[in-house]
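Read the structure below first, then the notes.
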Amino acid sequence: MQPITGKTKLLGIIGNPVKHSLSPIMQNAAIKHLAVDYIYIPFSVKSENLATALTVFLSIGVQGFNITIPHKQSILPLLSDITQTAKLVGAVNTVWRTETGWQGTNTDVIGFLAPLKSFSKNWQTISPIILGNGGAARAVVVSLAELGCPQIHVVGRDQNKLDKFKQSWLNHEFKVEIIVQTWDKLSDILSETELLINTTPIGMSLYRDRSPMDSSLWKKITNQAIIYDLIYTPSPTQFLKEAKEQGLITIDGSAMLVYQGATALELWLQQSVPVDVMSRSLKEYLLIVK
Ligand code: NAP
């Protein structure tokens, strides 16, 4: 790392809590590798202090920052502009300073798509299934629409929330058809899909060792299917362990995490960044804290 001086530029992440964030590990690893005069700092910001934090960040010269739970949506009215991707997702995870204030985007879409790019699938014929209908599911819907998937099934536990989720896309010029389903209908649609994505937290922390899907349902899934879990720790989750046992292709959330961070750093530094260094720093850190 370059020595921190009065010229060192500030980057960071805001959230509450922010102490579990892995972004400082991978961003500072890339900063060190590039030998640029930056530092990336976690800031714990309560919801009631969000507007103040943004004003202070502008006044002390912060160049840009990431946003995590619970500010990804509530930050929207505090920004001077947001990208079309952020508008579609309805949430921002990366901002940078401009002459008129903070501008924001959502790099989770690029992050989600990164590991799928290596598969030569005809996405225009695939109808993926998304388990969960929260914030991350929104970024996944935008990603899948970008891939050209004609139809997306979204599975959730609350019909009211599912209806609102479906409704929220109607104002956008979206070619993709969104079909919402409750969990009891999952077994009816599984055989149609080649891409199944878990965006629920089942498999991590409180739900560790649990899978979002009943293990009896694996037999319904084609052996061509890709099973994608957005969770990056633990890895593999119970969901991915079971998928592997079936011989299916699996993807965990670590590439998404790395690529959303790398895209943010590229935006701030306006240069390419070492994705491999970021990825390695995370793996090494996760081995230490395991
Ligand atoms: P969120 O907005 O809270 O959404 C979670 C979704 O999961 C909601 O639809 C929720 O249903 C559902 N859910 C929660 N507990 C459930 C349960 N016990 N049974 C069935 N459904 C349940 O969270 P998020 O921001 O979308 O994040 C979701 C996951 O994605 C987290 O594990 C997060 O770590 C991961 N993620 C990873 C990355 C990455 O870079 N790899 C990026 C973003 C998120 P209700 O709405 O009915 O409560």
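The figures here come from the full heavy-atom set of this structure, side chains too, leaving out hydrogens, waters and symmetry mates. One-based numbering, in listed order, for ligands and for the atoms of each.
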(Q) Which residue and atom name correspond to the protein heavy atom nearest atom 42 (C) of ligand 1, and how close is it? (A) Met256 CE, 3.7 Å
**Q.** Which segment of Lys161 sits under 4.0 Å of ligand 1 when only heavy atoms are counted
**A.** side chain
Q. Hey, what's the ring geometry for Phe57 with Phe43, parallel, tilted or perpendicular (30° and 60° as the breaks)?
A. tilted
Q | Nearest-contact summary for atom 35 (C) of ligand 1 - protein heavy atom, Å | A | Leu230 CB, 4.0 Å
**Q.** Reported CD-to-OG1 distance for the pair Gln103 and Thr94, which is rounded to 0.5 angstrom
**A.** 12.0 Å
Q: Under 4.0 Å from a heavy atom of Gly253: give me the atoms of ligand 1 that qualify, with their elements.
A: 39 (C), 41 (N)
Q. With atoms numbered from 1 as shown, which atoms in ligand 1 lie under 4.0 angstrom from a non-hydrogen atom of Met204?
A. 32 (O), 34 (O)
**Q.** Tyr207 touching ligand 1 at heavy-atom level, < 4.0 angstrom
**A.** yes
Q.
Any nitrogen or oxygen of Gly132 lying under 3.5 Å from a nitrogen or oxygen in ligand 1? Just yes or no.
A. no
Q: Kindly state if atom 23 (O) of ligand 1 has a protein heavy atom within a strict 4.0 Å cut-off, that is, under 4.0 Å?
A: no
**Q.** Asn106: which of Thr263, Val142, Val89 passes side chain to side chain contact (heavy atoms under 4.5 Å, CB included)
**A.** Val89
Q | Nearest protein heavy atom with distance in Å, relative to atom 14 (C) of ligand 1 | A | Pro201 CD, 3.3 Å
Q) Are more than 12 heavy atoms from other residues, nucleotides or ligands located less than 6.0 Å from atom CZ of Phe239? A) yes
Q: Under 4.0 Å from a heavy atom of Ile231: give me the atoms of ligand 1 that qualify, with their elements.
A: 32 (O)
Q: Write out the residue and atom name of the closest protein heavy atom to atom 15 (N) of ligand 1, then the distance separating them to 0.1 Å.
A: Arg157 NH2, 3.6 Å
(Q) Side chain, backbone, both or neither: which applies to Ile202 and ligand 1 if a contact is any heavy-atom pair less than 4.0 Å apart? (A) side chain
(Q) Taking the side chain as everything from C-beta on, heavy atoms only, tell me whether Leu54 gets closer than 4.5 Å to Leu79. (A) yes
Q: Before signing off on this row, confirm whether Ile69 and ligand 1 have an N or O atom pair separated by under 3.5 Å.
A: no
Q: For ligand 1, find out whether one of its N or O atoms is nearer than 3.5 Å to an N or O atom of Arg210.
A: no
Q) Are the charged groups of Asp108 and Lys72 less than 4.0 angstrom apart, N to O? A) yes
(Q) For Phe65 and Tyr40, I'd like to know if the aromatic rings sit close, meaning centre-to-centre distance below 6.0 Å. (A) no
Q | N or O pair under 3.5 Å between Gly134 and ligand 1 | A | yes
Q: Check whether more than 12 heavy atoms from other residues, nucleotides or ligands sit under 6.0 Å from atom NZ of Lys121, and answer yes or no.
A: yes
Q.
Could you identify the single nearest non-hydrogen protein atom to atom 2 (O) of ligand 1 and state the distance to 0.1 Å?
A. Gly135 N, 2.9 Å
Q) Would you say Asn133 has any N or O atom under 3.5 Å from an N or O of ligand 1, going by distance alone? A) yes
Q | atom 8 (C) of ligand 1 protein-contacted, heavy-atom criterion under 4.0 angstrom | A | yes
Q. Does the side chain of Glu194 come under 3.5 Å of the side chain of Gln224 through a donor N or O and an acceptor N or O?
A. no
**Q.** Leu58 atom CG: more than 12 heavy-atom contacts under 6.0 Å
**A.** yes
